[in-house]
Amino acid sequence: VDQRCAGLSEGRTITFGINERRDCLKWVDFMVGHFGSDVKIILTGISMGAATVLMAGAEELPPNVIGILADCGYTSAREIMKVVIGKMGLPPKLCYPFVRLGARIFGHFDPDETSPIEAVKKCKLPVIFFHGEADDFVPCYMSRANFEACASRKRIVTIPGAGHGLSYAIDPDGYVKELYEFFAPLKKAMEQTGVEMPQSHGLFPVGFVDDPARTAYGIEVTEKHIALCAYLGCPAIVIHGTTAPQITKEEERQFNLEMYRKLIPAAKKYGVKVCLENLLVLYDCDPYEGTCSSADEACWCFAQPSGFGYV
């Protein structure tokens, strides 16, 4: 999910997770309404996304939300702002009151309204924290502080040599191993109570037509998500095709075709079905059909060679 003022989402002001946490609650409601009352959700975020899901964890959430993964989150908007102010060569204590005033006047939010480190004190969900020990943007000590303050079942994993948001990229196998171990009690409880996870929803977007590096990372993350589905006994994962109005429809088709083909080996290895998500979005107030938003489009995808019909 693109947070407000990012990617395809609307908005003009980033609020460091203060307002985004409420957006997160709306997305949870959407997921439950879209995928059914039995859907299971793990709130996941990196950097400000981690701060957002940690703050959302203190709000009233439906039982569908079963855990939180927070990767390189900060302790509060105040503290990360002070870190950035200091790196600019300015006195943080002197400058922060003016920054806060500007946020309230021009951004219409108060950075001190709440914070991740306060929210985790009220959290009842299991939380796993990740942070790169070489993070030079959000200091690793911030995740350690959040971990210490967290009142629920928790685990912290720090990755040596990993920079900001790069823990998974530096040690993908270790990252997934920690996830398996942390959520093992959940898997056991599901088995004992007969609760099943019929499908999971993948990262969106996976691919970026103008950024091969981000696409490669999206595919790598999705491969690990497929492995996690297999671990939890989830037979299917829903993956959106990429919509790209800046290129032709045929170019978009070919881009998505290649993206899905790269996921076939992992899907076959773990026995997880990849479901193509129906997609209808708006660009400039005009309806725009994405991959498989119509029966004809879906049939075209499934008719392609090289085993694409497998998904």
Side-chain angles (χ1 to χ4, degrees), residues 1-7 9-32 41-62 64-65 67-88 90-131 135 137-152 154 156 164-165:
V1 175
D2 290 331
Q3 297 207 80
R4 58 172 63 197
C5 197
S9 292
E10 298 177 345
R12 298 177 60 87
T13 304
I14 293 172
T15 69
F16 290 80
I18 302 298
N19 290 332
E20 288 84 355
R21 80 185 194 276
R22 288 186 277 266
D23 298 338
C24 186
L25 302 183
K26 292 180 180 178
W27 276 106
V28 168
D29 289 341
F30 170 82
M31 295 291 286
V32 173
I41 301 169
I42 297 175
L43 300 181
T44 304
I46 298 176
S47 192
M48 192 182 85
T52 298
V53 297
L54 288 174
M55 286 188 277
E59 304 295 326
E60 186 174 346
L61 293 164
N64 307 77
V65 181
I68 296 175
L69 188 165
D71 191 327
C72 64
Y74 42 80
T75 51
S76 68
R78 171 196 289 263
E79 293 307 313
I80 193 60
M81 286 179 181
K82 284 185 175 181
V83 169
V84 174
I85 291 169
K87 288 182 178 180
M88 296 171 66
L90 300 171
K93 289 186 178 180
L94 180 63
C95 291
Y96 177 73
F98 296 98
V99 173
R100 182 188 179 195
L101 180 62
R104 298 183 71 172
I105 294 174
F106 301 108
H108 307 291
F109 77 99
D110 183 359
D112 289 349
E113 178 183 326
T114 187
S115 68
I117 198 165
E118 289 301 316
V120 295
K121 295 176 183 179
K122 298 178 285 184
C123 184
K124 297 179 181 179
L125 296 167
V127 184
I128 184 167
F129 299 86
F130 285 93
H131 214 119
D135 193 330
F137 187 67
V138 177
C140 190
Y141 70 76
M142 289 193 171
S143 275
R144 292 193 177 102
N146 285 335
F147 171 78
E148 291 297 330
C150 185
S152 60
K154 58 192 177 181
I156 185 167
H164 187 60

**Student:** Could you report the tightest heavy-atom contact between Leu25 and Ala56, atom names first, then the distance?
**Tutor:**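 Heavy atoms of Leu25 and Ala56 come nearest at CD2-O, 4.2 Å.
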**Student:** Can you tell me if CZ on Phe137 sees more than 12 non-hydrogen neighbours from other groups inside 6.0 Å?
**Tutor:**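 Counting neighbours around CZ of Phe137, 12 or fewer heavy atoms of other residues, nucleotides or ligands fall under 6.0 Å, so no.
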**Student:** For the pair Lys154 (side chain) and Cys150 (backbone), establish whether a donor and an acceptor sit closer than 3.5 Å, ignoring hydrogens and angles.
**Tutor:**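 A pair under 3.5 Å: yes.
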**Student:** May I ask you to check whether Thr13 and His108 show a side-chain donor-acceptor distance below 3.5 Å?
**Tutor:**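 Judged by distance alone, the side chains do not pair up.
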**Student:** Has His131 got a side-chain atom pairing as donor or acceptor with Met142's backbone, closer than 3.5 angstrom?
**Tutor:**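 No, because the side chain of His131 does not come within donor-acceptor range (under 3.5 Å) of the backbone of Met142.
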**Student:** Do the side chains of Arg21 and Glu118 get close enough for a salt bridge, i.e. N-O under 4.0 angstrom?
**Tutor:**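 Salt bridge: no.
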**Student:** If you compare all heavy atoms of Thr75 against all heavy atoms of Ala145, which two are closest, and at what distance to 0.1 Å?
**Tutor:**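 Smallest interatomic distance, heavy atoms only, reads CG2-CB, 3.8 Å.
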**Student:** What heavy-atom pair brings Ser76 and Ser115 nearest, and what distance separates the two atoms?
**Tutor:**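 Scanning both residues completely, I find the closest heavy atoms to be CB-CB, 3.5 Å.
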**Student:** Is there a donor-acceptor contact under 3.5 Å from the side chain of Asn146 to the main chain of Tyr74?
**Tutor:**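 Such a contact is found between Asn146 side chain and Tyr74 backbone.
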**Student:** For a quick check under 3.5 Å, do Asp112 and Tyr96 share a side-chain donor-acceptor pair by atom type?
**Tutor:**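 The criterion, which ignores hydrogens and geometry beyond distance, is satisfied for Tyr96 and Asp112.
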**Student:** Show the numbers, then the answer: is there a side chain to side chain contact (heavy atoms under 4.5 Å, CB included) between Val65 and Leu43?
**Tutor:** CA-CA 7 Å; Val65 181; Leu43 300 181; 3.8 Å; yes
**Student:** Whether the side chain of Ser152 engages the backbone of Lys124 through a donor-acceptor N/O pair (distance < 3.5 Å, no angle test) should be reported.
**Tutor:**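 It does not hold such a pair.
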